[in-house]
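Here is the structure we will look at, set down as structure tokens.
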Amino acid sequence: MEHIRTTKVEQVKLLDRFSTSNKSLTGTLYLTATHLLFIDSHQKETWILHHHIALVEKLALTTSGCPLVIQCKNFRIVHFIVPRERDCHDIYNSLLQLSKQAKYEDLYAFSYNPKQNDSERLQGWELIDLAEEYKRMGVPNSNWQLSDANREYKICETYPKELYVPRIASKPIIVGSSKFRSKGRFPVLSYYHQNKEAAICRCSQPLSGFSARCLEDEHLLQAISKANPVNRYMYVMDTRPKHRMQSWWATQKDIGRIIVRISSKIWNDEKIRESDEKKRLNAMANRAAGKGYENEDNYSNIRFQFVGIENIHVMRSSLQKLLEVNGTKGLSVSDFYSGLESSGWLRHIKAVMDAAIFLAKAIMVENASVLVHCSDGWDRTSQVCSLGSLLLDSYYRTIKGFMVLIEKDWISFGHKFSERCGHLDGDPKEVSPVFTQFLECVWHLTEQFPQAFEFNEAFLLQIHEHIHSCQFGNFLGNCQKEREELKLKEKTYSLWPFLLDDQKKYLNPLYSYKSPKFAVLEPNTVSFNFKFWRNMYHQFDRTLHPRQSVFNVIMNMDEQNQQLEKDIKDLESKIKQCKNKQTDGILTKELLHSVHPESPTLKTSLCFKEQTLLPVNHALRTIEGSNPADNRYSEYAEEFSKSEPGVVSLEYGVARMTC
Amino acid sequence: MDEIEFSSTGSGWGPRSEVLAVGWGNSCETVRWLLPRGLLNSCPAGVASCPASSCPFPSPRSPRLTLLESVLLLGPRPTTGGMEFSELIRTGRAQAKLLRGPEAPPLRGTLCVTGHHLLLSPGPQGTSDLWLLLLRSVDSIEKRVSGDSGTITLRCKDLRVLQLDIEGVEATLDIARSIEGLRLGDAWHFHPPERYYKRVARETNAWRLSEVNEDFSLCLSYPRAVIVPRAVDDDALARCARFRQGGRFPVLSYHHAPSGTVLLRSSQPLTGPQKRRCAEDEELLRAVLAGARPGAPGFILDTRSAQAAKQARVTGGGTEAKAAYPGWKRLHRPLERGRPLQESFVRLVEACGDLEQSMDGWLSQLEACHWLAHVKEALSTACLAARGVEREEACVLVHGAEGTDSTLLVTSLAQLILDPLSRTMTGFQELVEREWIQAGHPFQLRCAHSAFSHACPKHEAPTFLLFLDCVWQLGRQFPLSLEFGEGLLLALFEHAYASPFGTFLCSSEKERCLCEVRTRTHSLWSGLNQPKVRRKLRNPLYVPNPLAIWPSVEPQSLRLWQGLFLRWIRPPEPSQVAWEKVWQRLASKEKTEGCEPTSKPQL
């Protein structure tokens with residue numbers, strides 16, 4: 001690789017992030033084409049994928065060497081001290097180059113080879129079939145049909161080819177509506193609730209501010225509400241906070257005036273005269289202030305609902321603040337909570353959750369269809385639609401179903417993964433943790449409903465790992481059209497089959513899929529139900545984690561149970577066999593022999609038992625961090641030796657502890 | 001107790017008891033304890049009517065159990081209780097509606113006030129739910145009258161808030177006054193003590209059991225027997241006691257067998273402004289070091305700041321002078337106690353009660369109440385003490401001022417971290433008995449009121465609750481290492497504040513002796529160790545862990561104890577259901593394993 005000048009640096013120190021006494025591990029740093037690897041003196045390896053690197057900083061030279069701080073998108077933060085400045089500089093420059101690629105073709109996915117042949121690769125990509133998913137929901141049916149309007153991405157570049165629309169919506173209506181909606185993202189079906197015959201639809205904001213109305217759009221909305229035979233009115237949910245639009249209008253009034261003039265010319269609306277225009281402008285400001293974007297008067301049977309989810313920029317800086325607070329050394333409880341509050345992160349999570357609950361309630365309680373939109377309809381809209389479907393449909397709470405949900409509401413509907421995750425060296429203002437928020441909302445649901453999900457926290461963390469890793473093709477690109485152009489299905493692999501192969505790791509042992517209680521989730525969004533997700537934002541800071549895992553124990557227990565039950569069955573069938581033999585007149589000696597404790601089946605079961613008990617003991621022996629030296633209060637202990645260093649000698653005997 | 005059948009009918013037993021129960025049922029949600037066999041035997045026959053037809057017992061709970069609980073709750077009044085409670089009851093009955101929080105449905109029925117309990121009986125045609133409340137658990141009462149009816153709001157010491165809507169103004173006022181008068185009364189039921197010191201004394205030869213405090217003349221708050229260095233005789237101890245506040249001379253709290261070093265506790269030395277010294281006290285600490293491994297250092301962990309320790313000299317207290325105690329080094333780890341701790345508790349409970357507040361409001365209140373900061377400080381100080389004993393192989397003496405609050409918090413938590421035995425069900429009960437009850441934590445003063453009381457706090461402080469919270473945090477970080485579950489901690493919290501058992505009564509051993517608590521009351525421990533209760537309180541996932549458990553004390557690792565602080569506010573959590581599922585799994589595992597020759601006996 002042309003960017004790599006130094007491949008190996010020895011005597012590098014890895015500092016403990018939270019230690020105030022600069023405790024460190026010494027080891028060797030290796031730089032490969034795809035990874036940065038640190039192997040410490042205990043042969044423990046730390047792998048960092050270049051694509052995970054969000055920020056590399058070279059700090060001022062110190063006496064011990066040149067500090068290099070690497071912040072990763074998966075919230076790992078490492079602090080190296082490289083003895084020689086030149087090495088540090090080389091690595092710094094290489095990482096700068098390697099972590100920010102300019103072309104998709106340079107991403108890891110295009111070189112990653114998991115040793116699969118082409119047909120396996122193709123099978124992997126075909127694992128999730130959205131047409132199949134819509135069929136599962138019950139469309140097409142008498143009210144909804146597949147539209148081929150966007151077959152060549154002509155109407156909307158960021159939508160998938162297959163779109164489901166009301167049967168009575170004709171192609172001209174669709175085309176007309178798409179012209180009225182930002183980026184051509186007209187209202188389409190996202191989720192169909194078979195029992196209630198109600199639908200979740202999604203779109204982008206209307207351009208009504210300037211063009212007043214669009215009859216085709218009004219028709220399309222009519223068609224959506226008519227497609228619901230139970231309830232004639234429908235909801236239009238604008239996921240943006242009201243106050244933002246107010247202030248936007250306040251500052252944009254002048255621009256708005258100009259645009260109105262231009263647009264009135266474009267739309268060739270000659271009726272609008274100067275005085276009318278003023279009136280209209282005021283009305284528009286009012287509308288933005290109170291009622292929303294669509295002009296309510298023009299849409300009958302529609303109820304407008306605002307839910308205040310902030311935009312991507314607010315979310316980005318909120319996470320930034322959160323990470324700053326948590327990275328503080330010697331953080332006090334007060335600082336932690338005031339930082340958590342001022343970052344606003346949990347407030348935003350709650351807003352997303354509240355919106356999804358509103359959506360689910362509209363469908364379950366009122367039987368009403370809901371149209372969700374934000375500005376472009378690919379960030380907040382994806383969050384709300386997917387989370388709403390997750391609350392309504394228990395299928396999405398299975399491992400496979402969750403993949404389908406992500407594939408449908410995020411990947412196919414054009415959530416801009418590459419821009420939001422910063423896969424390429426692009427505009428940093430486009431980066432935002434929108435998908436991370438979605439995962440966090442799901443995590444909060446798993447906390448409130450521990451039995452309702454087939455998957456566990458590790459599954460969410462693994463998905464989060466891979467939206468940034470660029471190791472698989474799924475999350476590359478910003479929309480389906482772009483993905484097709486990149487030929488991802490031919491050149492890269494899909495993540496989902498790999499997750500399914502590892503399914504055992506991601507199973508929730510408490511999952512009870514049969515329970516009717518968990519058909520529709522009704523989470524409680526009282527403030528105290530929202531907690532800081534330590535295992536996400538500190539997933540690599542093992543010292544902060546609980547030292548023993550209940551889940552693992554239960555999984556082991558279950559496995560043991562299954563094995564034992566199998567053994568019982570085996571033995572029973574053996575006994576049966578023997579009895580049969582006995583009746584056949586064969587010597588009883590043999591019977592004695594076959595049920596003897598040293599029979600092969602029993603033996604294996606005993607062996608098995610010892611083995612399965614081991615992991616538990618093993619886990620105990622290596623209770624990670626259960627070692628005073630690993631915890632920060634050990635620094636208090638330095639008081640033991642502070643003023644009288646000659647009298648008290650300190651020894652950190654890890655060996656004694658872990659024996 | 002399972003063998004006992006109830007068949008008799010009647011409406012009372014004996015001149016002083018009043019039994020008003022009408023319909024029996026399964027919903028005695030306030031009843032979380034079972035009472036021992038002994039009491040039952042003393043219980044006169046003839047309890048209450050329970051015609052089988054009106055008593056369908058729809059729940060899987062044993063009808064006998066419910067009856068039994070009720071019998072015991074209404075149980076015999078001690079004849080020497082002092083005041084006659086029936087004089088305080090102004091109205092026995094009234095029609096009322098009970099609201100039990102946002103999630104539970106309201107209950108309607110006849111409200112009855114007895115000497116110790118408030119009962120709500122829905123009547124024979126009702127849904128057969130009898131509801132009971134121990135009057136001593138009421139923390140504050142608020143009455144409001146409007147028109148023809150009145151409302152009484154009862155805030156309980158276990159943080160529950162209940163609302164009673166009562167028909168009739170007079171009835172409301174009378175009932176409120178009755179509750180007001182009765183909730184202050186004392187309950188007496190009870191048991192004999194255990195010998196906690198035996199194990200500690202067995203472990204080492206350098207220490208002896210001294211009965212120098214046999215008549216409580218040396219120290220009012222110590223038990224009769226204490227463990228002291230073998231080299232120090234009783235006369236020296238007597239002089240030592242005069243040098244320590246409240247006579248609390250240094251005694252053994254925990255002997256760490258692997259390192260051969262010890263954890264001690266005491267109160268502050270009375271050095272005063274003249275910097276007095278006491279040769280016997282110095283000798284005692286010297287003997288401690290001599291008894292441990294040769295060359296072991298000593299640390300004195302003062303739970304006050306250096307400043308506060310210095311200031312204490314003005315009032316006659318102070319701290320050990322460096323020169324006078326060679327080999328001992330002083331550390332200061334200030335821990336909050338007394339009023340600030342109580343205020344922190346009150347503010348936290350207030351914040352938890354406000355369901356409407358915004359995310360920001362909640363987080364800022366959680367920060368402002370400082371409760372979790374206290375948890376962090378308590379845990380990290382305990383870790384420091386434990387580290388001193390385990391890693392530095394040093395002897396550690398812990399004291400604050402009186403040595404009855406934060407001192408006990410630190411020594412008991414340090415033991416839990418270090419000692420695998422104290423993490424068992426029995427071991428933990430012994431730890432609480434030894435390090436809190438016998439060690440003279442003034443429960444009567446500290447737990448007189450909980451978070452809702454309007455009375456200005458004088459001696460109240462939730463030090464014991466803070467201890468339980470820290471234990472809960474340990475249990476959360478090491479979910480397999482504690483033999484008991486959250487249930488035991490909740491039970492201890494409840495009983496420390498209001499209990500039909502004698503275990504948490506009084507403030508010291510001396511008082512307990514004077515009140516004859518042991519002969520006239522029943523022990524909570526025997527209640528909790530009933531096989532059925534014990535099973536419920538157990539942690540199903542417990543695997544003995546021979547290592548020390550070092551918790552993380554980062555703010556990110558500590559959590560609000562929702563099971564306690566939001567117990568009555570939060571709707572019944574699906575996570576509880578999940579936990580029950582874990583139980584079922586375990587039961588099925590035990591079943592399958594039962595036939596396995598290698599199965600390990602649990603418990």
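With a threshold of 4.5 angstrom between heavy atoms, A:Thr525 does not approach chain B through any atom at all.
In this structure, OH on A:Tyr337 lies 7.0 Å from CG on B:Leu560, to the nearest 0.5 angstrom. Here the straight-line distance linking atom OG of B:Ser358 with atom CD of A:Glu341 works out to 8.0 Å at 0.5 Å rounding. Of the inter-residue distances, the one linking B:Trp362 atom CH2 with A:Asn529 atom CG reads 9.5 Å to the nearest 0.5 angstrom. To the nearest 0.5 Å, the span separating OG on A:Ser332 from CG on B:Leu372 amounts to 11.5 Å. Here OG of A:Ser527 is found 7.5 Å from CG of B:Leu363. Values are rounded to the nearest 0.5 Å. The line from OG of A:Ser343 to CG of B:Asp360 is 8.5 Å long, rounded to the nearest 0.5 Å.
For B:Arg347, the CZ atom sits in a loose shell: 12 or fewer heavy atoms of surrounding residues, nucleotides or ligands are nearer than 6.0 Å.
The greatest number of non-hydrogen atom pairs below 4.5 Å with chain A, out of B:Gln357, B:Arg559, B:Glu356, is found for B:Arg559.
Only one option out of A:Val325, A:Leu331, A:Thr328 pairs with B:Pro555 in a side-chain contact (heavy atoms from CB on, under 4.5 Å); it is A:Leu331.
The shortest heavy-atom contact between A:Arg534 and B:Arg476 is NH1-NH2, 3.4 Å. Across every non-hydrogen atom of B:Gln562 and A:Phe528, the tightest pair is NE2-O, 3.0 Å. When all heavy atoms of A:Asn326 and B:Gln556 are compared, the closest pair comes out as O-NE2, 3.4 Å.
Checked for salt-bridge contact, B:Glu554 and A:Lys329 miss the test: no charged N lies under 4.0 Å from a carboxylate O.
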Item to complete: Let me see the working for B:His370 and A:Ser334 under side-chain contact (heavy atoms from CB on, under 4.5 Å), right down to the final yes or no.
Response: CA-CA 7 Å; B:His370 293 301; A:Ser334 292; 3.3 Å; yes
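Residues B:Glu367 and A:Val333 are not in side-chain contact: their nearest non-hydrogen atoms beyond the backbone lie 4.5 Å or more apart.
Of the possible polar contacts, one joining the B:Ser557 side chain to the A:Leu544 backbone as a donor-acceptor pair under 3.5 Å is found.
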